[in-house]
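One structure is given here, and the rest of the page talks about it.
These numbers come from a predicted model, not from an experiment. Letters A, B, ... mirror the listed sequences (proteins, then strands); counts begin at 1.
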2 protein chains.
Amino acid sequence: MTLLNSKEEIMENNQSCIRVFADKDQINHCRELLQANGSAFGQLSGLLALAGNEVRLKILFLLEEEKELCPCDLSDILGMSIPAVSQHLRKLKDKNVIEGRRDGQTIFYSLKQEQLTLFQPFFKHIINNSNIVTV
Amino acid sequence: MTLLNSKEEIMENNQSCIRVFADKDQINHCRELLQANGSAFGQLSGLLALAGNEVRLKILFLLEEEKELCPCDLSDILGMSIPAVSQHLRKLKDKNVIEGRRDGQTIFYSLKQEQLTLFQPFFKHIINNSNIVTV
DNA sequence: TGCTTATTTAAGAAAGTTATTAAATATAAA
DNA sequence: TTTATATTTAATAACTTTCTTAAATAAGCA
């Protein structure tokens, strides 16, 4: 908080918080920051929401480790139904995080380079947090 | 895929995928990887889910920029009700991402050091993705 | 061709998330 | 003490997510 504005002064520029001691300049600066970064918040939160699901985080981690895996094997590893896995894979594919390569009847999924800068640090978090302690 | 196991061989070690050409060793290795990292996936995905919401990602970004902000000002900046903001702040506080400091009637929230290693890279993503283009 | 395997899609139920409104709590100020 | 301000809490409604089951698609094999 920098300058104390009178309550009347605040009510005049009435685009603002009801709070008496609100810093009008700070609030406007924040509004501009959000506007200047336009759709970035929506895009980034969309990607983070993908990794914000435990099953999908595991899938991403496993694809990093094994390079590629098919829905059937993932279903087996994760202990869940194939359609459930398939639907998670679709979400990852829709947001350009993974891609599929067909080999006969099997489709092998792998991480795309595109979003790796964002996701790769997470895998280090996984390993560092618990692998040292256990086993 | 390394060695081709016969279908019979696969059915004997029957802890595995129905897929005929499944690599049993790979599947077991993956299972062990998940087990070895225990609760890390749940914890990390929980934190990522916080940032996986557009409103909360904006709050985190604004706290990084402004050091501290109160619910009332955030409500004004984000254009949403105070109880809505307060409930997002609670989620962030419950997972040790932010902390509050009381100054009279106002509570100023700020980022905790604890989870900053995880979240700070996101803020660079925001700035890099769009700030160059606009204005 | 028909049968099997691998995967996806679709519809629906159950659970989880987020905003809204109203009421409760807490501090400050008249 | 009463009144106003800042915030939280609670109940609830609308929406979203995720799993389940069944059906559809697609490729290989007898």
*asked:* Any base atoms under 4.0 Å from A:I82, or only sugar-phosphate, or nothing? Heavy atoms, all strands.
replied: base
Given atom [atom1] of [X] and atom [atom2] of [N], what is their separation to the nearest angstrom?
{"X": "B:L50", "N": "C:dG16", "atom1": "CG", "atom2": "C1'", "answer": "14 Å"}
{"X": "B:I107", "N": "D:dT5", "atom1": "CD1", "atom2": "P", "answer": "17 Å"}
{"X": "A:M80", "N": "D:dT17", "atom1": "CE", "atom2": "P", "answer": "16 Å"}
{"X": "B:D94", "N": "C:dG16", "atom1": "CG", "atom2": "P", "answer": "16 Å"}
{"X": "A:I59", "N": "D:dT18", "atom1": "CD1", "atom2": "P", "answer": "11 Å"}
{"X": "A:E68", "N": "C:dT7", "atom1": "CD", "atom2": "C1'", "answer": "16 Å"}
{"X": "B:K93", "N": "D:dT7", "atom1": "NZ", "atom2": "C1'", "answer": "10 Å"}
{"X": "B:R56", "N": "C:dA19", "atom1": "CZ", "atom2": "P", "answer": "8 Å"}

Tell me whether the side-chain N/O atoms of [X] come closer than 4.0 Å to OP1 or OP2 in [N].
{"X": "B:H88", "N": "C:dT17", "result": "no"}
{"X": "A:N53", "N": "D:dT18", "result": "yes"}
{"X": "A:K91", "N": "D:dT17", "result": "no"}
{"X": "A:R90", "N": "C:dT9", "result": "yes"}
{"X": "B:R102", "N": "D:dT7", "result": "no"}
{"X": "B:T106", "N": "D:dA6", "result": "no"}
{"X": "B:S86", "N": "D:dT7", "result": "no"}
{"X": "B:Y109", "N": "D:dT8", "result": "yes"}

*asked:* Is it the case that D:dT18 (base atoms only) and A:E54 (side chain only) share a donor and an acceptor within less than 3.5 Å, ignoring hydrogens and angles?
replied: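 A donor-acceptor contact between them is absent.
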*asked:* Please determine whether any donor N or O and acceptor N or O are separated by less than 3.5 Å between the side chain of A:Q87 and the base of D:dT20.
replied: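 Pair found.
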*asked:* Looking at A:N53 and A:A49, would you say the former's side chain and the latter's main chain have a donor-acceptor pair under 3.5 Å?
replied: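 Not confirmed, A:N53 side chain does not pair with A:A49 backbone.
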*Hey, could you give me the CD/CG distance between B:Q26 and A:D76, rounded to the nearest 0.5 Å?*
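So the gap between those two atoms works out to 11.0 Å.
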*Roughly how far, to the nearest 0.5 Å, is SG of B:C30 from CG of A:L74?*
7.5 Å
*Would you indicate which nucleotide in C:dT7, C:dA28, C:dA19 comes nearest to any side-chain atom of A:C70?*
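That would be C:dT7.
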_Any side-chain heavy-atom pair of B:L118 and B:L48 under 4.5 Å_ = yes
*Residue that, paired with B:L69, satisfies side chain to side chain contact (heavy atoms under 4.5 Å, CB included) out of B:I107, B:L89, B:L62*: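 Exactly one pass, corresponding to B:L62.
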*First of A:P83 and A:G52 reached from the 5' end of DNA chain D, by closest nucleotide*: A:G52
*Does A:Q105 or A:L89 map to a spot on DNA chain C nearer the 5' end, using the closest nucleotide for each?*
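Its nucleotide being nearer the 5' end, the pick is A:Q105.
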_Residues B:H29 and A:E66: side-chain donor-acceptor under 3.5 angstrom_ =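 Yes, side-chain donor-acceptor contact under 3.5 Å.
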